[in-house]
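For reference, the structure is listed below as structure tokens.
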Amino acid sequence: DTGVSQDPRHKITKRGQNVTFRCDPISEHNRLYWYRQTLGQGPEFLTYFQNEAQLEKSRLLSDRFSAERPKGSFSTLEIQRTEQGDSAMYLCASSLAWAQETQYFGPGTRLLVL
Amino acid sequence: RKEVEQDPGPFNVPEGATVAFNCTYSNSASQSFFWYRQDCRKEPKLLMSVYSSGNEDGRFTAQLNRASQYISLLIRDSKLSDSATYLCVVNKNAGGTSYGKLTFGQGTILTVHP
């Protein structure tokens with residue numbers, strides 16, 4: 001499978017715990033995005049990388065959230081001291097940077113904070 | 001006001017019906033427009049890009065009115081398999097390359113019944 005992959009697919013954690021999600025983009029894609037989607041809403045942008053550089057972070061990304069893409073390939077999204085409001089689907093997407101880029105989404109990591 | 005607004009529906013139509021979805025966007029700097037489809041508990045997938053001249057892909061027709069900041073999607077001869085959430089999506093381009101961040105509407109739910 002040469003699409004975007006995410007791991008884990010599901011995560012249940014207790015409030016206050018730290019969690020880390022991984023995204024592996026399509027291999028030749030230099031851009032990688034993180035979005036969050038809650039029930040009944042469309043995905044909301046969190047952050048994106050071009051190669052290893054993090055170019056934008058949403059104000060939704062509080063200090064408890066950190067994302068990295070150390071070698072310009074896979075990325076990790078860490079949430080520290082999780083809160084119940086962090087429960088959502090976390091989607092990763094990748095693309096090639098050009099004027100009419102298409103972003104391809106991974107299957108998402110569904111997080112439930114108890 | 002949300003940056004991208006859609007009628008959430010749900011739309012319940014019989015097979016063979018024609019159904020239209022509307023979307024408005026508030027940021028006049030938006031330059032790229034898309035419709036994504038999202039099946040229940042799955043990731044969003046690109047259905048089609050939307051061009052100023054309007055474009056068609058089989059049973060699907062997309063229209064863009066930049067003056068009114070309005071996007072539409074028409075589905076003809078609906079199939080059971082068209083049942084999904086349809087997401088209106090906008091992007092900004094800067095300097096010939098995509099700005100990166102996609103802004104999604106909340107989605108319109110379509111159910112096609114026999």
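Numbered from 1 within each chain, the chains take letters A, B, ... in sequence-line order. The basis for the numbers below is simple: all heavy atoms, side chains too, and nothing from hydrogens, waters or symmetry mates. This structure is a prediction, so every number in the text was calculated from the model and none was measured.
- Within the 4.5 angstrom heavy-atom criterion, no atom of A:Y104 approaches chain B.
- Contacts of A:E44 with chain B are absent, with no heavy-atom separation under 4.5 Å from either backbone or side chain.
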key: From CA spacing to verdict: salt bridge (Lys or Arg N to Asp or Glu O under 4.0 Å), B:R76, B:E56   = CA-CA 11 Å; B:R76 291 182 300 278; B:E56 189 173 304; 3.6 Å; yes

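- Using a 4.0 Å cut-off between charged nitrogen and carboxylate oxygen, A:R64 and A:E83 count as a salt-bridge pair.
- Between chain A and the options B:Q38, B:K42, B:K45, the largest number of non-hydrogen pairs under 4.5 Å is found for B:Q38.
- Put simply, the residue from B:N22, B:N65, B:T24 that forms a side-chain hydrogen bond (donor to acceptor under 3.5 Å, both in side chains) with B:Y70 is B:N22.
- Within the 4.5 angstrom heavy-atom criterion, atoms from both the backbone and the side chain of B:L102 approach chain A.
- Summarising the local packing, CZ of A:R15 is surrounded by 12 or fewer heavy atoms from other residues, nucleotides or ligands at distances under 6.0 Å.
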